[in-house]
Amino acid sequence: GTSGSYPRLLTVLGSSAFYELGPLAERRLWVTDGTRTGTKAVRDETGSAIGVDTANGFSKRIANDRFLAIAGVSSTSRVEGLWAVWPDGSAHLAHRGEPNRAWSYFGLRAVGDQVFFVVEDPDYQCWLWKTDGTEDGTRLVTRTFYHWERAAATSTRYFFEGWSEGETQLWVSDGTAGGTRPLVTFGPWPHLAPYGLSAGESRVYFIEHEGSNIHYLWVSDGTESGTHRLSAPDLRPADFWEIPGEWIGDTFVFVALHEG
């Protein structure tokens, strides 16, 4: 292929592997079952190939046990949207943007058999959506104030960063408008949170910055009473932006710095 057209594996569903291929500005979604005849570009119901939406060189996608959700653009109509792609390689638009207008997709995370995502429309308004991979099962949850890619999901809840009057917040959603709310508000600059969101089966850990290189570890189970700071000033995560750690079952093992 041309320079930069190396393949990159995205996920495996059933007996199919999905990957992106092509130059950075024109990458396409492909599927293979390991045979020559079973290797092809993924096309939607109109026959259009799917151009992969890349940000900082990485595609915006998430897979659960049923389907791959991936942001992209139709190679024919140039409509931006979120596609649901199934193990057999079939695909359709779960969320459709408007032709010739810029739409952005952020925070794709799997919550059970649903995928949650945030859409920034051409007027820079943000909206939280969820999908089960079908057109009828793709629904608007609520308007939100979302920032960047700071999101995580447990088996039942979606966590993300929000804003209110210049202050950062940790938000949670159960997929309903009434169940989407802020859990905790952090002060204005230099207070910044949540960073490094890492989710297990039932809770999420994240970092709060307080300025002057002071940062703390927090935990949340999706309730106000279960959202609180864990670390003292002399016990901090070993990184400012991410938490170096791994989940072992529902136990989170991480690297920290102890001063004193």
Side-chain angles (χ1 to χ4, degrees), residues 7-21 27-35 38-54 58-74 79-97 103 105-119 127-142 149 151-160 172-177 179-180 197-204 222 247 249-250:
R8 180 163 55 196
L9 179 68
L10 301 181
T11 192
V12 175
L13 288 176
S15 59
S16 298
F18 292 88
Y19 61 99
E20 59 180 68
L21 178 66
R27 296 185 75 80
R28 298 284 187 263
L29 181 63
W30 285 68
V31 61
T32 183
D33 61 4
T35 68
T39 301
K40 58 187 177 182
V42 174
R43 298 183 181 273
D44 62 20
E45 61 270 30
T46 69
S48 174
I50 299 171
V52 178
D53 180 10
T54 57
F58 294 95
S59 56
K60 300 176 182 179
R61 86 280 181 183
I62 194 70
N64 57 23
D65 293 336
R66 298 174 56 243
F67 66 96
L68 167 68
I70 187 164
V73 58
S74 165
V79 169
E80 295 181 79
L82 186 80
W83 271 263
V85 186
W86 301 90
D88 64 1
S90 61
H92 68 271
L93 266 175
H95 182 275
R96 181 188 301 269
W103 293 73
Y105 294 84
F106 300 101
L108 278 70
R109 300 292 187 272
V111 182
D113 62 355
Q114 305 267 333
V115 167
F116 285 55
F117 58 99
V118 174
V119 179
W127 310 86
L128 177 62
W129 287 73
K130 64 178 182 178
T131 182
D132 64 3
T134 68
E135 185 174 354
D136 291 340
T138 301
R139 296 186 174 90
L140 173 66
V141 177
T142 187
E149 280 283 350
T154 64
S155 61
T156 59
R157 291 182 173 94
Y158 179 76
F159 296 81
F160 62 101
V172 66
S173 178
D174 63 1
T176 67
T180 303
L197 286 154
S198 181
E201 181 71 18
S202 60
R203 61 192 185 279
V204 63
W247 286 90
D250 201 33

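In what follows, residues are counted from 1 in the order of the sequence shown.
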- Task: Check side chain to side chain donor-acceptor pair (under 3.5 Å) between Ser15 and all other residues, then give those that pass, not counting sequence neighbours.
- Result: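 Once residues adjacent in sequence are excluded, Ser15 has no partner under the side chain to side chain donor-acceptor pair (under 3.5 Å) criterion.
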- Tell me, please, which residues at least two apart from Asp88 pass side chain to side chain donor-acceptor pair (under 3.5 Å).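 Listed in chain order: Ser90.
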- Test side-chain contact (heavy atoms from CB on, under 4.5 Å) on Lys40 and Val31 and set out the steps. CA-CA 6 Å; Lys40 58 187 177 182; Val31 61; 3.8 Å; yes
- Over 12 non-hydrogen atoms of neighbours within 6.0 angstrom of CZ in Arg66: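 Correct, the count exceeds 12.
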Shortest non-hydrogen separation from [X] to [Y] and the atoms involved:
| X | Y | value |
| --- | --- | --- |
| Val79 | Gly97 | CG1-O, 3.8 Å |
| Trp86 | Gly133 | CZ2-O, 3.3 Å |
| Arg203 | Asp250 | NH2-O, 2.7 Å |
| Ala153 | Ala110 | CB-O, 3.4 Å |
| Ala94 | Thr138 | O-CG2, 3.2 Å |
| Leu140 | Leu128 | CD1-O, 3.4 Å |

Once rounded to the nearest 0.5 Å, what's the spacing between atom [atom1] of [X] and atom [atom2] of [Y]?
| X | Y | atom1 | atom2 | answer |
| --- | --- | --- | --- | --- |
| Asp174 | Tyr158 | CG | OH | 13.5 Å |
| Thr180 | Phe116 | OG1 | CZ | 7.5 Å |
| Ser48 | Arg43 | OG | CZ | 7.5 Å |
| Phe18 | Ile70 | CZ | CD1 | 9.5 Å |
| Thr32 | Leu9 | OG1 | CG | 10.5 Å |
| Gln114 | Arg139 | CD | CZ | 8.0 Å |

Any side-chain heavy-atom pair from [X] and [Y] closer than 4.5 angstrom?
| X | Y | value |
| --- | --- | --- |
| Phe159 | Thr154 | yes |
| Val204 | Val172 | no |
| Trp30 | Pro7 | no |
| Trp83 | Leu29 | no |

- Task: For Ile62 and Phe117, run side-chain contact (heavy atoms from CB on, under 4.5 Å): C-alpha distance rounded to whole Å, both residues' side-chain angles, the deciding distance at 0.1 Å, then the answer.
- Result: CA-CA 10 Å; Ile62 194 70; Phe117 58 99; over 6 Å; no
- Query: Going by the angle between their ring planes, with limits at 30° and 60°, are Trp129 and His95 parallel, tilted or perpendicular?
  - Reply: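 Because their plane-to-plane angle is over 60°, the rings of Trp129 and His95 count as perpendicular.
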- Task: Mind running side-chain contact (heavy atoms from CB on, under 4.5 Å) on Val118 and Tyr105 for me, showing each step along the way?
- Result: CA-CA 6 Å; Val118 174; Tyr105 294 84; over 6 Å; no
- Walk me through it: do Asp44 and Ser74 pass the test side chain to side chain donor-acceptor pair (under 3.5 Å)? CA-CA 9 Å; Asp44 62 20; Ser74 165; 4.9 Å; no
- Taking Glu20 as the fixed residue, which of Lys60, Arg27, Arg28, Arg61 is the one that meets the salt bridge (charged side-chain N to carboxylate O under 4.0 Å, His left out) rule?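 When Lys60, Arg27, Arg28, Arg61 are each tested with Glu20, the salt bridge (charged side-chain N to carboxylate O under 4.0 Å, His left out) holds only for Arg27.
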- Would Leu13 and Val85 satisfy side-chain contact (heavy atoms from CB on, under 4.5 Å), going step by step from the backbone distance to the final call? CA-CA 10 Å; Leu13 288 176; Val85 186; over 6 Å; no
- Message: Would Thr134 and Asp136 count as a side chain to side chain donor-acceptor pair (under 3.5 Å) here? Give the steps.
- Response: CA-CA 5 Å; Thr134 68; Asp136 291 340; 6.0 Å; no
- Query: So, Ser155 side chain and Glu201 main chain: donor-acceptor pair closer than 3.5 Å or not?
  - Reply: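 Indeed, once roles are kept as given, a pair shorter than 3.5 Å links the two residues.
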